[in-house]
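Below: one structure, written as structure tokens.
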Amino acid sequence: MAESIVKELAPMIFQVIAQIPYGRVASYGQIARLAGIPKHARLVGYVLKHMDADSSLPWYRVINSQGKISLSKLNDQGQNIQAQLLLAEGILVIGDKVKMKEFQWNI
């Protein structure tokens, strides 16, 4: 992926992610659409994957369109980090899935 395109579009993606309300989730495609780059959901995933680890953005609120958690990184107790962060906000995670009808950010 062209680094210049990523550098140009990443701030727009981050701006949208920063707006996801506490206790809500958004899909990669929804973030892309709101950032003005529809049909670029994979780019959103790429940007998130390469984001600074110490970022304060609520990256964990971004999941796929079926409500599935894409990140498989585990904490020291063997629990999915993204699922644990979502649960801490009151977002019900069953297996690796969130009910989009209930928890999706509607904008």
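What you are looking at is a predicted structure, and each value in this text was computed from that prediction instead of being measured.
Within the structure, the salt bridge (Lys or Arg N to Asp or Glu O under 4.0 Å) test picks out no pair touching residues 24-40 (sequence neighbours left out). Screening residues 93-105 for salt bridge (Lys or Arg N to Asp or Glu O under 4.0 Å), with sequence neighbours left out, gives no hits. Counting only residues at least two apart or on different chains, the side chain to side chain donor-acceptor pair (under 3.5 Å) pairs with a member in residues 58-67 are Y60-E89, R61-E89. Within the structure, no pair that satisfies the salt bridge (Lys or Arg N to Asp or Glu O under 4.0 Å) test touches residues 4-15, not counting sequence neighbours.
Residues V25 and I91 form a side-chain contact, since some pair of their non-hydrogen atoms from C-beta on lies under 4.5 Å apart. By the 4.5 Å heavy-atom criterion applied to side chains, I107 and Q30 are counted as neighbours. Side-chain atoms of V44 and V16, non-hydrogen and from C-beta on, never get closer than 4.5 Å to each other. Between I17 and V62 the shortest side-chain heavy-atom distance falls below 4.5 Å. Under the 4.5 Å side-chain criterion, counting only non-hydrogen atoms from C-beta, V47 is in contact with F14. Within the 4.5 Å cutoff, side-chain heavy atoms of I13 are placed close to those of I37.
The hydrophobic clustering, which links ILVMFWY residues whose side-chain heavy atoms are closer than 4.5 Å, places I81 and L74 apart.
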Result block: side-chain N/O donor-acceptor pairs under 3.5 angstrom for residues 48-55, not counting sequence neighbours:
unit_1	atom_1	unit_2	atom_2	d
H50	ND1	Y46	O	2.8
S55	OG	L57	N	3.1

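Note that the CG atom of L43 and the CD1 atom of I31 stand 12.0 Å from one another [nearest 0.5 Å].
Across A88 and Y22, no two heavy atoms sit closer than the pair O-OH, 3.4 Å. Here the closest non-hydrogen pair linking P58 and A18 is CD-CA, 4.3 Å. Smallest separation of non-hydrogen atoms from A26 and W105: CB-CE3, 4.1 Å.
Residues passing the side chain to side chain donor-acceptor pair (under 3.5 Å) test with Q82: none are found, sequence neighbours excluded.
Counting heavy atoms of neighbouring residues, nucleotides and ligands inside a 6.0 Å radius, atom CD of Q84 exceeds 12 of them.
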